[in-house]
Amino acid sequence: MTTNVRVRRLAGFIFAAMLAMTAGCATNPVTGQRQLSLISESQEIQMGQEGAAQVEAQIGLVDDAALQAYVQRIGKALAAKSERPSLPWNFGVVNDPTPNAFALPGGFIYVTRGLLPLMQNEAELATVIGHEIGHVTAKHSVTQMSNAQLAQIGLGIGSILAPAVADRVGGLAGAGLQLLFLKYGRDDERQADELGFNYALANGYDVRQMADVFVALGRTGEMEGQSPIPTWAASHPSSGERVETARARAAALPAGTGALASNEAEFNTRIDGLIYGENPREGFFRNALFLHPDLRFQIAFPQGWQTQNTTQAVFAGSPQQDAVMQLTLAQGSATQAAQQFASQQGIQVLQSAQQNINGNPGAVVAFQAAQQQGTVRGLVAFVTYGGNTYQILGYSTAQRYGTYERVFANVINSFDRLTDASALNAQPRRLDTVRLDRAMTLSAFNQRYPSTIPISELAIINQVEGASSTLPSGSYGKRVTGGPS
C-alpha cells in the first residue's frame, strides 16, 4: 500500500468518525448543550427495561405493596418536575440488605431495603431518589456508554456506519445487571446531587435533610453485607465534600422559601416492620455451612472460600480465585437436568453416573468445555429433593482441576436435609419505629426499647453520634427486634 493511499484511507476513517460523532450528537435536556450520544432514547429505555427485569428477577422486590406504592408515588412526583417527565419512570424497593440506590437508563430507579433504615424521614428519601433521577435526566449512563462505543469503533475501523453502531448497542442492551456497575465521575455525582436537591425542593421537601443522608451513608461500612449490588462506597465518591456542599446549598436558600415538609410520620409508618439485614429464611451461612430453613436443606462449602447468597444462586470461590462452585435450581428430574446439561453446545461429557446423595436421587457429570481463555473442567451434580431439583456445579481450569476434583465431590456429597431446629426456626430481624413521648439519650432508648443490634449500629440508623446523644421528644426512634442476639 502506498503512502498516499494510506493517507487517503486514514483521512476517510477520520471523516467517517467525525460523521458518526456529528450524527450521534444530541442536546442534553439538563444543560441544553450538544453532546455525544450514540444511543437513542428508545434504545436507552430498552436497556433500562431489560436491566430492570433482571434486577427484579435476580435480586427481587420487597414483598410490601404499600411500601412499593409509597416509593413509586414519591419518585413519580419528583420525575414529573424533571427535565424528562415523559420517560416511563418506575421506582421500587429491592430486597437487598446493602444500603444503596441506583438508576438504570430510561428511568428505572431502585432503592434497597438496606438503605431505608438509615433515613429519618421522607425528605431524605426524596433527595436520594432525586439524585438518581438526576443521573437519568442528565444522561450520565448514556454518555458513558456512548463514549465506550466510540472507543470501540476507533479510527482504524473502516465501517463506522449506523448499522454497525446499532449492532454494538444491541449487544450492550443485553448487559442487564452490568448496568449497575457503571461508575459516574465526580462531576456527574455533583450534578446529580444538585439536581436531586432541586427536584426535592420543587416538591416542597425540606432539602436541609440531604446532608444527613450523606453523613449516615458515610458511616455504613460495618453494615455492608455481601450483595450483587455494588456498595454505596464502591459506587459513589467520598461523602465529605458532598456533605459540606449540601449544607452550603441549603444555607443559601432564600429567606422567603417557606415551610418545607419532612413527612417523618408517614415515612416511619411505612418502614415499620421492614426486614433488617440478611433474611435467614432465604438461606444463611454458619461459617462455610449453608442452611436454608424454608427449603429445608444444608450444604457444606470448603472452609476459607469466599461465599455469597443471592436470590437465584449460592456461590463459593476459592482463596486463589481459580475455582468456583455454584448452587442453583434446575428444571425436571435429576436425570433430565443432567441430560439437558450434557446436551449443551460446547460441553464434552467425560463421565456420567446415577448417584444416590444422602437418600436423594441424583446424577453426576464430569465434563470439560473449551472457552476463549482455555479449557474448563468441572463436576456437576443434580439432586432431587423436597419437590425441587438442585444443580451443584464446581469448575476450574483444566490445569487446576486435579487440585479441586475431590473438593467438588465433597461439597456435592454434603447436600442433605436440614434437621437443626435452631436453623429451621431462624427468623429475620425487623425494624421497629417508636414515637418518643419525651427526649432521651440513645442509651436510655435502648434500655426502654431493647434492640438486637450493637448500640454503635443503633446510633447509625438513628443518625446520632453515640449512646449519649439525645433523641428529641416527638421524634421517631428506630430499634431492631428479633433474629439472633
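Counting begins at 1 with the first residue of the sequence. Basis for what follows: all heavy atoms, side chains included, without hydrogens, waters or symmetry-related copies.
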Check your understanding: By salt bridge (charged side-chain N to carboxylate O under 4.0 Å, His left out), which residues pair with Asp64, not counting sequence neighbours?
Key -> none

As an exercise, state the distance from [atom1] of [X] to [atom2] of [Y], rounded to the nearest 0.5 Å.
X: Gln336; Y: Gln331; atom1: CD; atom2: CD; value: 10.0 Å
X: Asn100; Y: Leu118; atom1: CG; atom2: CG; value: 10.5 Å
X: Asn95; Y: Asp63; atom1: CG; atom2: CG; value: 9.0 Å
X: Asp272; Y: Thr433; atom1: CG; atom2: OG1; value: 3.5 Å

Just wondering, more than 12 heavy atoms not from [X] lying within 6.0 Å of its [atom1]?
X: Arg286; atom1: CZ; value: yes
X: Arg247; atom1: CZ; value: yes
X: Arg73; atom1: CZ; value: yes

**Study point:** Donor-acceptor contact below 3.5 Å, side chain Arg435 vs main chain Gly474
**Key:** yes

Check your understanding: Does Trp89 use its side chain to pair, donor to acceptor, with the backbone of Arg84 at less than 3.5 Å?
Key -> yes

Check your understanding: With sequence neighbours excluded, what pairs up with Asn203 under the side-chain contact (heavy atoms from CB on, under 4.5 Å) test?
Key -> Ala77, Leu78, Lys81, Tyr205

Exercise for review: Would you please test Ser40 and Ser42 for side chain to side chain donor-acceptor pair (under 3.5 Å) and show each step?
Suggested key: CA-CA 5 Å; Ser40 69; Ser42 62; 3.0 Å; yes

**Study point:** Geometric class of the Phe297/Phe290 ring pair [parallel <30°, tilted 30-60°, perpendicular >60°]
**Key:** tilted

Practice item. Could you check whether the rings of Phe415 and Tyr385 sit parallel, tilted or perpendicular, using 30° and 60° as the cut-offs? Key: perpendicular

Exercise for review: Test side chain to side chain donor-acceptor pair (under 3.5 Å) on Glu189 and His140 and set out the steps.
Suggested key: CA-CA 9 Å; Glu189 292 292 352; His140 291 157; over 6 Å; no

Check your understanding: Under a 4.0 Å N-O cut-off, is there an ion pair linking Arg190 with Asp193?
Key -> no

Check your understanding: Quick one: do Arg429 and Glu457 make a salt bridge, cutoff under 4.0 Å?
Key -> no

Review point. Name the one of Ile392, Leu393, Ile299 that satisfies side chain to side chain contact (heavy atoms under 4.5 Å, CB included) with Ile412?
Key: Ile392

Check your understanding: Among Val111, Val93, Leu116, which residue meets the side chain to side chain contact (heavy atoms under 4.5 Å, CB included) test with Val62?
Key -> Val93

Review point. Can you find a side-chain donor-acceptor pair between Asp420 and Gln298 that sits under 3.5 Å?
Key: no

Check your understanding: Without hydrogens or angle criteria, can the side chains of Glu122 and Tyr70 be said to hold a donor-acceptor pair below 3.5 Å?
Key -> yes

**Study point:** Residues Thr441, Ser468; criterion side chain to side chain donor-acceptor pair (under 3.5 Å); working and verdict
**Key:** CA-CA 5 Å; Thr441 65; Ser468 60; over 6 Å; no

